[in-house]
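Everything on this sheet refers to the single structure shown next.
Residue numbering restarts at 1 for every chain, and letters A, B, ... go by the order of the sequence lines. We use all heavy atoms of the structure for the numbers below, so side chains are in, but hydrogens, waters and symmetry mates are not.
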Amino acid sequence: MFASTIRMALRAIAANLMRSALTVLGIVIGVASVVALVTIGEGATAQVRSEMSAMGDNLLIVRAGAARRPGEPHQDAAPLELEDAFAIAQEIRGIDQAAPSSSMKTIVVQGNTNWSTSVTGTTSAYLPCRSYDIAAGRSFTQTEDNGLKPACILGETVREKLFGNDEALGGIVRIGRTPCPVIGVMAPKGENTMGVDQDDVVLMPIRAFSRRIRGNDDVAQISVSVSDDRSTTAVKASIEALMRDRRQVSPGGMDDFEVRDMKEIASAISEATNVMTGLLSAIAAVSLLVGGIGIMNIMLVSVTERTREIGIRLAIGALRAEVRMQFLVEAAVLSGCGGILGLLLGNAGAYWATRSMDMPFIPSPSIAAVALLFSIGVGVLFGWLPAHRASRLDPMEALRHE
Amino acid sequence: MSARAPVISLRGISRVFGRGESAVKALNGVDLDVAQGEFVAVMGASGSGKSTCMNIIGCLDRPTGGDYFFCGLEVSRLSPDELALIRRHQIGFIFQGFNLLARTTALANVELPLIYQRVPKKERRTRAEEALAAVGLSSRAHHLPNELSGGQQQRTAIARALVTQPSLLLADEPTGNLDSATKVEVMNLLADLNRRRGITIVMVTHEPDMSQFASRQVVFRDGRPVGDSQKEAL
């Protein structure tokens with residue numbers, strides 16, 4: 001019985017294909033936009049996560065000046081010192097590396113090519129902390145880390161700008177007025193979440209950088225890589241305790257430094273993405289409602305048009321419930337077809353969008369199931385009134401209907 | 001005549017449409033018995049109440065007053081769904097306008113009552129094909145109603161009415177939309193079904209020619225039967 005009801009519904013829908021297609025357009029658009037937005041959102045979240053982990057897994061960043069509000073550091077806080085980084089490396093348990101760093105935008109010259117880039121003074125610990133890999137050459141030796149001798153490691157962008165197809169290793173670049181031998185080239189990492197090219201960098205030993213380029217010993221930040229099996233929260237707390245002690249912050253006083261957990265930032269960004277996705281999907285879901293009203297409208301027309309058919313069915317012994325079920329199933333099949341179309345369209349749209357934005361395309365079966373069930377639900381909900389109306393027809397009057 | 005209870009037994013049936021001053025009495029105390037195997041033609045001018053009576057006999061409508069025993073069962077107070085079940089299992093309808101489902105093949109139209117009877121698909125198909133064969137339409141089984149002539153459509157409708165093997169076949173002006181040659185063809189088919197299979201048929205018609213195919217003629221006037229060939233014969 002149920003199979004033949006569905007077959008009847010499909011036949012009725014096919015009988016008026018053009019009208020059926022227009023009727024479900026609202027559902028198609030609604031489902032397609034919700035599915036596309038959620039899928040794109042999932043892709044964006046996954047991308048944020050992978051970019052964050054590219055920036056450095058389990059990364060803590062210590063900076064001078066506390067953020068009272070985000071992006072508004074304490075202005076008169078004393079800068080960090082090299083000794084702070086050594087102290088963290090020695091005293092804090094559960095960390096792999098701690099790398100002090102200081103950066104400056106400056107011009108790097110090779111031959112008659114020059115390129116303005118960010119030059120960072122740091123130590124060899126910086127590379128593992130920030131997940132940079134050496135593609136060619138080597139990292140800094142311990143002697144270089146602690147010495148004043150200039151040497152530099154180029155990011156891929158800088159290497160490409162300055163050397164093009166030529167061999168960079170063993171070449172000399174001039175940073176400011178200091179000639180620096182190129183000892184290594186880093187593997188490319190691409191843009192970070194904020195769209196900054198992470199390969200547009202030059203690394204130098206921090207003491208050489210401070211003395212020859214920067215002109216002071218300030219350390220802007222200390223990157224700390226937490227061991228895999230340690231909780232970043234606990235390590236963060238012990239670094240905060242150490243730094244309060246070193247910077248003589250009175251108990252209960254306000255910290256004049258901050259320790260940022262990149263994981264927290266990553267999850268904050270993901271959350272923001274999720275909220276955006278949710279809001280946009282909610283707006284898109286409104287069109288599902290509109291689509292439902294469209295279905296109700298056409299089903300009411302259809303019931304009127306098919307009054308005679310309903311009369312025939314009642315006369316040969318259909319129960320009211322059976323007539324109601326027939327129209328309910330028809331509405332549900334109609335909107336279910338719209339849901340399937342919308343699902344295909346939404347995934348196609350999401351595929352296209354994620355591809356053009358270089359994001360991963362992650363189709364979600366649970367979203368597909370929810371979208372499909374929801375659209376069928378919309379059909380049943382808005383099909384109820386027309387179906388009920390059909391079932392209440394008087395067989396005699398329905399048969400007489402022209 | 002069979003000694004069993006009559007298929008139809010109407011006792012003092014009345015049917016009033018509307019209320020108060022605008023009320024119209026369509027039936028006014030109808031007493032009528034139809035025995036198993038009879039072929040009754042109900043005649044009368046339009047407005048005589050014959051169609052209203054037909055609807056009550058067919059369990060499509062309920063009387064305002066009186067009692068209606070169908071195969072011995074009092075049905076005048078049953079609910080719409082209970083009446084639907086009686087129509088489903090006991091009554092076959094043939095209409096003036098054929099009332100076939102458009103965009104549905106002759107075979108599928110004949111199968112429809114069996115779907116509501118929950119007959120399994122295979123058996124449904126076989127029985128529908130048999131019913132079409134009985135009305136001589138096997139070759140047109142897969143045609144749509146609008147590809148069939150009027151006579152073929154009416155024969156499809158007769159097959160649909162017969163396929164459930166009902167106790168009663170009701171025909172409401174079955175020849176009203178047909179040309180004279182086809183009228184005779186359809187009437188011969190009905191008379192043949194009545195004779196050979198013993199199916200009880202009640203037919204409404206306003207054409208005296210057609211009523212001659214029936215074994216008994218009942219004439220309605222002003223909401224009640226005023227002439228009955230059977231009683232006159234007695």
Side-chain angles (χ1 to χ4, degrees), chain A residues 1-21 298 301-330 333-334 387-402, chain B residues 15 17 26 51-52 54-62 79-105 108-121 124-125 144-145 156-157 159-164 166 170 172:
Chain A
M1 182 74 189
F2 196 66
S4 43
T5 310
I6 293 211
R7 222 170 303 126
M8 263 193 277
L10 285 173
R11 203 175 303 142
I13 289 165
N16 254 319
L17 204 54
M18 181 68 176
R19 184 163 88 179
S20 304
I298 287 300
V301 171
S302 169
V303 165
T304 308
E305 280 180 353
R306 287 153 69 191
T307 300
R308 213 176 161 80
E309 175 195 329
I310 296 164
I312 297 170
R313 287 177 185 279
L314 289 169
I316 63 173
L319 298 180
R320 289 175 163 189
E322 288 166 342
V323 170
R324 185 166 57 221
M325 184 54 83
Q326 185 196 336
F327 281 90
L328 268 186
V329 166
E330 202 172 308
V333 168
L334 196 60
H388 187 69
R389 192 169 279 191
S391 74
R392 302 314 275 190
L393 286 174
D394 181 88
M396 257 191 333
E397 283 172 21
L399 276 174
R400 229 179 279 143
H401 191 269
E402 287 306 317
Chain B
R15 179 68 170 100
F17 292 105
S51 285
T52 307
M54 192 71 167
N55 287 331
I56 288 174
I57 290 174
C59 293
L60 287 166
D61 193 12
R62 285 180 292 184
S79 75
D81 275 349
E82 287 167 324
L83 290 177
L85 288 176
I86 290 186
R87 295 196 297 270
R88 174 185 297 181
H89 294 286
Q90 312 277 2
I91 303 178
F93 287 96
I94 303 161
F95 304 95
Q96 177 176 5
F98 319 137
N99 279 339
L100 298 171
L101 295 188
R103 298 201 194 85
T104 308
T105 62
N109 263 294
V110 177
E111 273 186 57
L112 193 62
L114 299 179
I115 291 178
Y116 288 111
Q117 282 194 356
R118 309 284 198 281
V119 174
K121 197 175 173 182
R124 211 158 70 200
R125 178 60 49 100
L144 298 177
T156 307
R160 182 181 64 189
L162 283 177
V163 74
T164 59
L170 286 181
D172 188 355

Under the side chain to side chain contact (heavy atoms under 4.5 Å, CB included) rule, what do B:Leu85 and A:Leu319 come out as? Steps first, then yes or no, please.
CA-CA 7 Å; B:Leu85 288 176; A:Leu319 298 180; 3.9 Å; yes
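Cation-pi geometry between B:Arg118 and B:Tyr116 is not met at under 6.0 angstrom from the ring centre and within 45 degrees of the axis.
Applying the side chain to side chain donor-acceptor pair (under 3.5 Å) test to A:Arg306 and every residue at least two apart in sequence or in another chain returns A:Ser302, A:Glu309, A:Glu330. Taking A:Arg308 as the reference, B:Asn99 meet the side chain to side chain donor-acceptor pair (under 3.5 Å) condition, with sequence neighbours excluded. Residues satisfying the side chain to side chain donor-acceptor pair (under 3.5 Å) criterion with B:Gln90, sequence neighbours excluded, are B:Ser167.
Residues B:Pro145 and B:Ala102 approach most closely at CG-CA, 4.4 Å, considering heavy atoms. Taking every heavy atom of both residues into account, B:Leu83 and B:Cys59 meet most closely at CB-O, 3.6 Å.
In this structure, A:Arg389 places its CZ atom where only 12 or fewer heavy-atom neighbours from other residues, nucleotides or ligands lie under 6.0 Å away. Atom CE of A:Met325 sits in a sparse spot, with 12 or fewer heavy atoms from other residues, nucleotides or ligands closer than 6.0 Å.
With a 4.5 angstrom heavy-atom cutoff, A:Arg7 touches chain B only via side-chain atoms. Interface remark: B:Thr164 contributes no atoms to any contact with chain A (heavy atom separation under 4.5 Å). With a 4.5 Å cut-off on non-hydrogen atoms, B:Pro166 does not touch chain A at all. Proximity to chain B (any heavy atom under 4.5 Å) is shown, for A:Glu397, by neither the backbone nor the side chain.
Note: B:Arg87 leads B:Gln117, B:Glu82, B:Arg160, B:Arg87 in heavy-atom pairs under 4.5 Å with chain A. Residue with the most contacts toward chain A among B:Leu100, B:Asn55, B:Asp81: B:Asp81 (heavy-atom pairs, distance under 4.5 Å).
Residues of residues 310-317 of chain A that come closer than 4.5 Å to chain B, counting heavy atoms only, are A:Ile312, A:Arg313, A:Leu314, A:Ala315, A:Ile316, A:Gly317, ordered by residue number.
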